[in-house]
2 protein chains.
Amino acid sequence: MRKGEETRAKILDAAEAAMLAKGFGATSIDELIVETGITKSGFFYHFRDKNELAKALLERYIENDERIYDEIFGRARELADDPLQAFLIGLKLLSELLSDLPNGHPGCLVATMCTQERAFDREIQEMNRQAALMWRRRFGAMFRDIMQVYQPREALDADQLADMVSTVLEGGIVLSKALKEPKSLPDQLLVFRSFVRLLFQPAA
Amino acid sequence: MRKGEETRAKILDAAEAAMLAKGFGATSIDELIVETGITKSGFFYHFRDKNELAKALLERYIENDERIYDEIFGRARELADDPLQAFLIGLKLLSELLSDLPNGHPGCLVATMCTQERAFDREIQEMNRQAALMWRRRFGAMFRDIMQVYQPREALDADQLADMVSTVLEGGIVLSKALKEPKSLPDQLLVFRSFVRLLFQPAA
DNA sequence: TGCGCTCCCGTACCGTCAGTACAGTTTTCA
DNA sequence: TGAAAACTGTACTGACGGTACGGGAGCGCA
């Protein structure tokens, strides 16, 4: 029971790294079992097929993602009472966290499964959708809190602003990878941060 | 010669649609030859291997991409002398173009090849990088023109702002696909447009 | 008329990979 | 100590990427 979880986690670790680097199709089960030191039968004991591996992978990824956001924006909220300040601090903390990754962000599993959508079943596509909706709810609530205190200088919807956070993160990851410049992602997040500050800055 | 080009284009058409929908790995050569009505030997006459197909695909995609940007921002420049107004009009035109795609943006090949980077050779990764750099040059020049006339309200670098255009486009595509909401991409572009307007709006 | 070139077909084959089937073995924990 | 959990081993199937190579239709040209 305990051992099973451990092996399962080892497979997921190897799979996540490989999938983010090479994509779903280019990652073979054979290579995963070599890396984790089990046999093919062992692999299929844990996962019925490759699709179920992808599902477990995505599930774990999203949970971890949520945990990180909880921590960062929770900490930011401790540092400032004002919702705008807290959000700006959160973006800064997130940018710093992303800067500290030596090889840049490893990639977002949600994005990789989006760009290869038809390779996966409906269940995975729905998990992806729910993840994006959770981001919208999370950041949307923050923007609504901010709007209770500050009047935006442009009439923008809280949900659209929330989606902008996801957009900048996902787009930043793509751009960073394309340019091979890890710094681009945290930089783009800071540009967005400037925009948010400008948007809610009281008219002089 | 003429016939060869035609067949080649037909393969590329089928491949592009399939790759954007399913990803690289999930697109089989067998299915491409069925769709284009040629044989396997015929396919390998045109492309040495799958990687070379990807290269030709990316090349064609980037050229087309550049052409579209040339048209849209060229047209925008005709409609307004002021560089800021021209850029804002360009973003609006681009947003409208993206809105008019019935099934949403089919996906960016640069992004799909980024999320599967190790599956491709260095040449393709370099093409991807050059494409992103071209976007930076293109939009960077526009922001520099704008900055000659308008003082930004936040100290932001023209190149970082240029990267923001790419970021919003790539991120918007990912988000649109994840959410299954084609409208998200053009919406996000308009949110970014508001930010740009706000950034260069003369202080009241 | 026939030569050569482009463009493609047909066939046979190889290695890799996902996945199946199932019997047997070790490990773990109650 | 015994049953369940966690594997191993072997043998196979079918799809796919890719190779090899001979052949042939159509076309331009001398």
Side-chain angles (χ1 to χ4, degrees), chain A residues 1-58 60 112-113 116-124, chain B residues 1-58 60 112-113 116-124:
Chain A
M1 284 156 180
R2 187 63 165 287
K3 181 77 181 311
E5 287 298 312
E6 206 176 292
T7 305
R8 202 182 137 94
K10 254 165 65 181
I11 298 173
L12 288 173
D13 286 340
E16 184 171 318
M19 298 256 176
L20 287 174
K22 300 186 295 186
F24 183 73
T27 301
S28 73
I29 292 174
D30 283 358
E31 98 187 58
L32 295 180
I33 68 177
V34 167
E35 203 162 330
T36 46
I38 58 165
T39 62
K40 207 165 186 176
S41 314
F43 175 88
F44 284 105
Y45 172 78
H46 287 287
F47 304 99
R48 201 186 318 120
D49 53 28
K50 220 181 165 188
N51 216 311
E52 197 164 288
L53 168 67
K55 220 158 63 190
L57 217 50
L58 187 57
R60 201 182 67 151
T112 65
M113 297 197 180
Q116 306 167 44
E117 53 180 328
R118 290 244 176 267
F120 302 101
D121 58 22
R122 295 232 175 89
E123 214 170 332
I124 286 190
Chain B
M1 286 159 175
R2 186 65 165 287
K3 181 76 181 309
E5 288 297 313
E6 206 177 293
T7 305
R8 202 182 137 94
K10 253 165 65 181
I11 298 173
L12 288 173
D13 285 340
E16 183 170 319
M19 298 255 176
L20 288 175
K22 300 188 295 187
F24 184 73
T27 301
S28 73
I29 293 174
D30 282 358
E31 97 187 58
L32 295 180
I33 68 178
V34 167
E35 202 161 330
T36 48
I38 58 165
T39 63
K40 209 165 184 177
S41 315
F43 175 87
F44 284 104
Y45 171 78
H46 288 286
F47 304 99
R48 203 186 317 117
D49 51 30
K50 219 181 167 186
N51 217 309
E52 197 163 288
L53 169 66
K55 219 158 65 190
L57 219 48
L58 186 58
R60 203 181 66 152
T112 66
M113 295 194 179
Q116 309 168 44
E117 54 180 328
R118 291 242 176 270
F120 301 101
D121 58 22
R122 295 237 174 85
E123 213 170 329
I124 285 189

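Each chain gets a letter, A, B and so on, in the order the sequences are listed, and its residues count up from 1. Small disclaimer: the values here were computed from a predicted structure and weren't measured.
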Nearest-Å distance, [atom1] ([X]) to [atom2] ([N])?
| X | N | atom1 | atom2 | value |
| --- | --- | --- | --- | --- |
| A/L32 | C/dC17 | CG | P | 11 Å |
| A/F43 | C/dG19 | CZ | P | 8 Å |
| A/F47 | C/dT20 | CZ | P | 15 Å |
| B/I38 | C/dC9 | CD1 | P | 6 Å |
| A/I33 | D/dT8 | CD1 | C1' | 11 Å |
| A/K22 | C/dC17 | NZ | P | 9 Å |
| A/I11 | D/dC7 | CD1 | P | 8 Å |

So, does B/E16 use its side chain to make a donor-acceptor pair with the main chain of B/L12 at under 3.5 Å?
-> no
Would you find a donor on one side and an acceptor on the other, under 3.5 Å apart, between the side chain of A/K50 and the backbone of A/F24?
-> yes
Closer than 4.0 Å, any side-chain N/O of B/H46 to the OP1 or OP2 of C/dC7?
-> no
Contact under 4.0 Å: A/Y45 side-chain N or O vs D/dC7 OP1/OP2 = no
Within the structure shown, what part of the strands sits under 4.0 Å from B/R48 by heavy-atom distance: base, sugar-phosphate, or nothing?
-> sugar-phosphate
Any side-chain heavy atom of A/M113 within less than 4.5 Å of one from A/I124?
-> yes
Side chains of residues 27-36 of chain A: which donor-acceptor pairs under 3.5 Å do they make with residues two or more places apart or in other chains?
{"residue": "A/T27", "atom": "OG1", "partner": "A/A18", "partner atom": "O", "Å": "3.4"}
{"residue": "A/T27", "atom": "OG1", "partner": "A/G23", "partner atom": "O", "Å": "2.8"}
{"residue": "A/S28", "atom": "OG", "partner": "A/E31", "partner atom": "N", "Å": "3.1"}
{"residue": "A/S28", "atom": "OG", "partner": "A/E31", "partner atom": "OE1", "Å": "3.4"}
{"residue": "A/E31", "atom": "OE1", "partner": "A/K22", "partner atom": "NZ", "Å": "2.9"}
{"residue": "A/E31", "atom": "OE1", "partner": "A/S28", "partner atom": "N", "Å": "3.1"}
{"residue": "A/E31", "atom": "OE2", "partner": "A/K22", "partner atom": "NZ", "Å": "2.4"}
{"residue": "A/T36", "atom": "OG1", "partner": "A/L32", "partner atom": "O", "Å": "2.7"}

Could you go through residues 40-48 of chain B and list every donor-acceptor pair under 3.5 Å that involves a side-chain atom there, pairing it with any protein atom two or more places apart or in another chain?
{"residue": "B/R48", "atom": "NH1", "partner": "B/E52", "partner atom": "OE1", "Å": "3.4"}
{"residue": "B/R48", "atom": "NH2", "partner": "B/E52", "partner atom": "OE1", "Å": "2.9"}

Pair B/R60 + B/D13, salt bridge at N-O below 4.0 Å | yes
Quick test: give all pairs of protein nitrogen or oxygen and nucleotides 10-17 of chain D nitrogen or oxygen below 3.5 Å, distance rounded to 0.1 Å.
{"residue": "D/dG17", "atom": "OP1", "partner": "B/T27", "partner atom": "O", "Å": "3.4"}
{"residue": "D/dG17", "atom": "OP1", "partner": "B/I29", "partner atom": "N", "Å": "3.2"}
{"residue": "D/dG17", "atom": "OP1", "partner": "B/K50", "partner atom": "NZ", "Å": "3.4"}
{"residue": "D/dG17", "atom": "OP2", "partner": "B/I29", "partner atom": "N", "Å": "2.9"}
{"residue": "D/dG17", "atom": "N7", "partner": "B/K40", "partner atom": "NZ", "Å": "3.1"}

